[in-house]
Asker: 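So that we are looking at the same thing, I have put the structure below in structure tokens.
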Amino acid sequence: MTTTESRQDGPPVHFWPVEDLAGLDFDPFMSELLHKEPIARIQLPYGQGHAWIVTRYEDVKTVTSDPRFSRRALLGRDVTRLAPHIIPLDEAVGFADPPEHTRLRKSVARAFTTRSLEALRPLAQRAADELLDAMERQGPPADLVAHLNAPLPLTVVSELMGVPPEDRPRMAEWTALLLSARHGKERSERAKEEVRAYFTGLLARRRAEPREDLAGDLAEAARRGELSEEEAIAIAILIQISAAHAVRNNSSNMVYALLTHPEHLARLRAEPALLPRALEELLRWIPHRRGVGIARIATEDVEVGGCLIRAGEVVYASYLTANRDPEVFQRPDELDFDREHIPHLTFGHGPHFCLGSMLARLESETMLSTLLRRFPGLRLAVPVEEIEWQPSALIRGPEALPVTW
């Protein structure tokens with residue numbers, strides 16, 4: 001449900017409450033904007049004022065790559081937003097613009113090269129096999145989120161970062177508090193300070209006893225003066241928290257999508273070589289994000305899609321609607337494993353393109369291929385309507401995914 005308020009200084013402002021949706025339903029408000037008002041003004045539940053939102057594929061690419069739209073300019077501004085708290089630390093790479101953004105990403109780029117990530121594939125496969133061994137021993141029904149989708153990405157990113165096994169449950173708790181709008185500002189801000197203190201200590205230990213992990217790389221970059229201590233801590237938090245949470249929910253959504261599209265699931269079982277392309281189509285089709293991500297500020301007057309956005313105004317870009325733009329994707333609302341060209345924007349675009357995109361693909365492909373191979377009879381253990389979804393999560397996903405086989 002939306003309400004509209006008339007303004008004399010431009011188009012109307014639509015209040016968007018960003019309510020929880022059933023399953024993987026696409027937000028009807030976002031769909032309406034894409035087809036009827038592709039550049040609009042919105043007000044979200046928290047913060048002050050209103051913002052522009054662009055929904056078409058080409059306009060999203062423009063806003064996310066044009067240097068006249070700044071993330072850094074957000075600092076100190078209480079802009080309209082989805083969550084009561086500001087999620088990244090001020091020093092995080094998400095709030096940086098080039099060339100500072102380029103400098104910050106360079107400090108961790110080595111950990112995300114194709115060679116480095118391929119070295120993690122055996123770890124991901126071993127983790128998947130061990131987790132599913134335990135699930136098989138327990139027997140059906142079982143919660144796939146608890147047995148596979150949550151622990152595997154947490155294990156992989158923790159190994160990459162250097163977070164020991166005994167600290168990973170705390171990481172999962174902090175992640176849940178930070179990447180949801182339901183816990184309130186005070187508790188979420190306290191979690192941010194707790195995780196900041198944790199990584200301050202971890203980087204200090206790496207300086208005292210160097211190790212070959214990402215925490216060690218960040219500690220060394222700070223020692224050499226390539227990063228400040230605060231920047232190194234902010235990058236560590238961003239990678240640890242985001243990587244575990246995003247893959248947990250996206251991979252859960254992929255399994256849910258397959259189990260509720262039996263013809264697609266049957267085809268993947270019959271044609272396992274189709275999985276990489278199917279994975280890209282699932283990434284495009286699944287509305288993984290609830291609402292929109294981090295905004296940008298126009299640093300000068302810019303025309304986008306025939307609409308003038310003035311200096312100082314707030315702009316959001318919707319990757320979800322870009323992935324459903326009929327000008328780019330034929331029959332965009334259909335899940336189509338025969339779609340040959342899938343230039344989706346699920347991992348972003350421009351300087352802030354997700355550094356961990358290849359890692360996310362590797363983990364999701366490992367989970368799906370292993371499930372298809374080991375559990376040919378996998379199916380939901382409860383009716384679809386009984387599956388509960390995380391309320392107010394910034395990245396959508398089921399609380400649990402009860403399955404049998």
Asker: Could you go through the side-chain contact (heavy atoms from CB on, under 4.5 Å) check for M254 and L279 one step at a time?
Answerer: CA-CA 8 Å; M254 289 177 186; L279 179 64; 3.4 Å; yes
Asker: Does L345 offer a backbone N or O that forms a donor-acceptor pair with the side chain of H349 under 3.5 Å?
Answerer: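 No, the answer is negative, given that no donor and acceptor are paired below the 3.5 Å cut-off.
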Asker: Using the ring centroid of each side chain, check whether H50 and W16 are separated by less than 6.0 Å.
Answerer: no
Asker: What closest approach, in Å, do F375 and M135 show between heavy atoms, and which atom pair accounts for it?
Answerer: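 In this case the closest contact between F375 and M135 is CZ-CE, 3.8 Å.
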Asker: Scan the side chains in residues 145-164 for donor-acceptor partners under 3.5 Å anywhere in the protein, sequence neighbours excluded, and list what turns up.
Answerer:
residue, atom, partner, partner atom, Å
H147, NE2, Q138, OE1, 3.1
N149, ND2, S251, OG, 2.9
T155, OG1, P151, O, 2.8
S158, OG, L154, O, 2.6
S158, OG, Q240, NE2, 3.2
E159, OE2, R168, NH2, 3.0

Asker: I'd like to know if E313 pairs up with R310 as an ion pair, taking the criterion as any Lys NZ or Arg NE/NH1/NH2 lying under 4.0 Å from an Asp or Glu carboxylate oxygen.
Answerer: no
Asker: Any chance you could measure L335, atom CG, to L258, atom CG, to the nearest 0.5 Å?
Answerer: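 One gets 7.5 Å once the value is rounded to the nearest 0.5 Å.
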Asker: Before you tell me yes or no, could you show the steps for I239 and F112 under side-chain contact (heavy atoms from CB on, under 4.5 Å), namely the whole-Å CA-CA distance, both residues' side-chain angles and the distance that decides it to 0.1 Å?
Answerer: CA-CA 11 Å; I239 292 173; F112 292 94; 4.0 Å; yes
Asker: What's the separation between atom CG in N253 and atom CZ in R248, rounded to the nearest 0.5 Å?
Answerer: 10.0 Å
Asker: Would you call R207 and E220 a side-chain contact if the rule is heavy atoms closer than 4.5 Å?
Answerer: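 R207 vs E220: side chains apart.
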Asker: Rounded at 0.5 Å granularity, tell me how far CH2 in W52 sits from CZ in F69.
Answerer: 10.5 Å
Asker: Start with the C-alpha distance between R121 and E118, add both sets of side-chain angles, then the distance that settles salt bridge (charged side-chain N to carboxylate O under 4.0 Å, His left out), and finish with yes or no.
Answerer: CA-CA 5 Å; R121 189 178 292 275; E118 280 302 316; 3.0 Å; yes
Asker: Please find the pair of heavy atoms, one from P287 and one from R396, that lie closest to each other, and give the distance.
Answerer: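 Reported closest heavy-atom pair: O-CD, 3.4 Å.
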Asker: For the residue pair R284 and F329, would you count it as a cation-pi contact if the rule is NZ or CZ under 6.0 angstrom from the ring centre and within 45 degrees of the ring axis?
Answerer: yes
Asker: Supply the atom-to-atom distance D336 CG to H264 NE2, rounded to the nearest 0.5 angstrom.
Answerer: 6.5 Å
Asker: Check whether any side-chain heavy atom of I235 sits under 4.5 Å from a side-chain heavy atom of S107, and report yes or no.
Answerer: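 Side-chain contact under 4.5 Å: yes.
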Asker: Check this for me, if you would: do R170 and E173 make a salt bridge, where the nitrogen-to-carboxylate-oxygen distance has to be below 4.0 angstrom?
Answerer: no
Asker: Should the heavy atoms of other residues, nucleotides or ligands under 6.0 Å from CD of E263 be counted, would the total exceed 12?
Answerer: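 Count over threshold, so yes.
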Asker: Is any side-chain heavy atom of L44 less than 4.5 Å from a side-chain heavy atom of V292?
Answerer: yes
Asker: Is it the case that more than 12 heavy atoms not belonging to E166 sit under 6.0 Å from its CD atom?
Answerer: yes
Asker: Got Y46 and T80 here, is their nearest side-chain heavy-atom distance under 4.5 Å?
Answerer: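 A side-chain contact is absent here, since even the closest heavy-atom pair is not under 4.5 Å.
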Asker: Is there a side-chain contact between I39 and R56 in this structure, where contact means two heavy atoms from C-beta onward sitting under 4.5 Å apart?
Answerer: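 Yes, at least one pair of side-chain atoms sits under 4.5 Å.
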Asker: Indicate yes or no for a side-chain donor-acceptor contact from S252 to the backbone of P398 under 3.5 Å, with no hydrogens or angles considered.
Answerer: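 Checked: no pair found.
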Asker: Considering non-hydrogen atoms only, spot the tightest contact between L203 and E229 and give its length.
Answerer: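 Residues L203 and E229, closest heavy atoms: CB-OE2, 4.4 Å.
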Asker: So, does D143 use its side chain to make a donor-acceptor pair with the main chain of P402 at under 3.5 Å?
Answerer: no
Asker: Hey, does the side chain of H352 reach the backbone of R71 with a donor-acceptor pair shorter than 3.5 angstrom?
Answerer: no
Asker: Flag the pair T114 / M358 as yes when at least one side-chain heavy-atom distance between them is below 4.5 Å, and no otherwise.
Answerer: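 Touching, per the 4.5 Å side-chain cut-off.
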Asker: Is there a donor-acceptor pair under 3.5 Å between the side chain of R361 and the backbone N or O of L359?
Answerer: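 Side chain of R361 to backbone of L359: no pair is present.
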Asker: For side-chain contact (heavy atoms from CB on, under 4.5 Å), just list the numbers for W285 and R339, CA-CA rounded to whole Å, side-chain angles, deciding distance to a tenth of an Å, and then say yes or no.
Answerer: CA-CA 11 Å; W285 181 81; R339 200 182 300 277; over 6 Å; no
Asker: If you measure from the Lys or Arg side-chain nitrogens to the Asp or Glu carboxylate oxygens, is any gap between E100 and R103 under 4.0 Å?
Answerer: yes
Asker: Any ion pair linking R267 and D338 (charged N to carboxylate O, less than 4.0 Å)?
Answerer: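 Yes, charged N to carboxylate O under 4.0 Å.
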Asker: Without swapping roles, check the side chain of N323 against the backbone of H344 for a donor-acceptor pair under 3.5 Å.
Answerer: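 Absent.
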Asker: Where the side chain of R224 meets the backbone of E226, is there a donor-acceptor pair that is under 3.5 Å apart?
Answerer: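 Absent.
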Asker: Take I237 and W174 through the side-chain contact (heavy atoms from CB on, under 4.5 Å) test and state the conclusion after the steps.
Answerer: CA-CA 10 Å; I237 294 171; W174 285 326; over 6 Å; no
Asker: Answer yes when R190 and E193 have at least one side-chain N-carboxylate O distance shorter than 4.0 Å, and no when they do not.
Answerer: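 Salt bridge: no.
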Asker: Output the distance between atom CZ (F337) and atom CG (L265), rounded to the nearest 0.5 Å.
Answerer: 8.5 Å
Asker: Tell me, please, which residues at least two apart from F199 pass ring pair (Phe, Tyr, Trp, His ring centres under 6.0 Å).
Answerer: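 Listed in chain order: nothing, the list is empty.
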Asker: Where do L117 and A111 come nearest, in terms of heavy atoms and distance?
Answerer: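 What the structure gives for the nearest pair is CD2-O, 3.7 Å.
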Asker: Rounded to the nearest 0.5 Å, what separation is found between the SG atom of C354 and the OH atom of Y319?
Answerer: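 With rounding to 0.5 Å, SG (C354) is 10.0 Å from OH (Y319).
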Asker: Answer yes or no: is there an ion pair linking R374 with D133, defined by an N-O contact shorter than 4.0 Å?
Answerer: yes
Asker: With distance as the sole test, does D20 use its side chain to make a donor-acceptor pair with the main-chain N or O of S392 at under 3.5 Å?
Answerer: yes
Asker: Quick one: do R211 and D213 make a salt bridge, cutoff under 4.0 Å?
Answerer: no
Asker: Taking the side chain as C-beta and beyond, is there a heavy-atom pair between T55 and M30 under 4.5 Å?
Answerer: no
Asker: Does any part of the side chain of P28, heavy atoms only, come nearer than 4.5 Å to the side chain of L21, both counted from C-beta?
Answerer: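 L21 reaches P28 side chain to side chain.
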Asker: Show the nearest heavy-atom pair for residues T299 and S70, with the distance to one decimal.
Answerer: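 Distance-wise, the nearest heavy atoms are CG2-CB, 3.7 Å.
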Asker: Does a sphere of radius 6.0 Å around CD in E271 hold more than 12 heavy atoms from other residues, nucleotides or ligands, not counting ones at 6.0 Å or beyond?
Answerer: yes
Asker: Nearest heavy-atom pair of V60 and A317: which atoms, and what distance?
Answerer: CG1-CB, 4.0 Å
Asker: Would you say that more than 12 heavy atoms from the other residues, nucleotides or ligands in this model lie under 6.0 Å from the CD of E209, or not?
Answerer: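 Counting neighbours around CD of E209, 12 or fewer heavy atoms of other residues, nucleotides or ligands fall under 6.0 Å, so no.
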Asker: Keeping the roles fixed (side chain from R105, backbone from V108), state whether a donor-acceptor pair exists under 3.5 Å.
Answerer: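 Side chain of R105 to backbone of V108, a donor-acceptor pair under 3.5 Å: no, none is there.
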Asker: Using modelled atom types only, decide if a donor and an acceptor are shared between the side chain of T346 and the backbone of L283 within a distance under 3.5 Å.
Answerer: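 Yes, T346 side chain to L283 backbone: donor-acceptor pair under 3.5 Å.
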Asker: Tell me whether the count of non-hydrogen atoms from other residues, nucleotides or ligands lying under 6.0 Å of CD in E385 goes above 12.
Answerer: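 Yes, CD of E385 has more than 12 neighbouring heavy atoms, counting only those of other groups under 6.0 Å.
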Asker: Listed by chain and number, what are the side chain to side chain contact (heavy atoms under 4.5 Å, CB included) partners of P98, not counting sequence neighbours?
Answerer: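 With neighbours one apart ignored, the set is H101, T102, P351.
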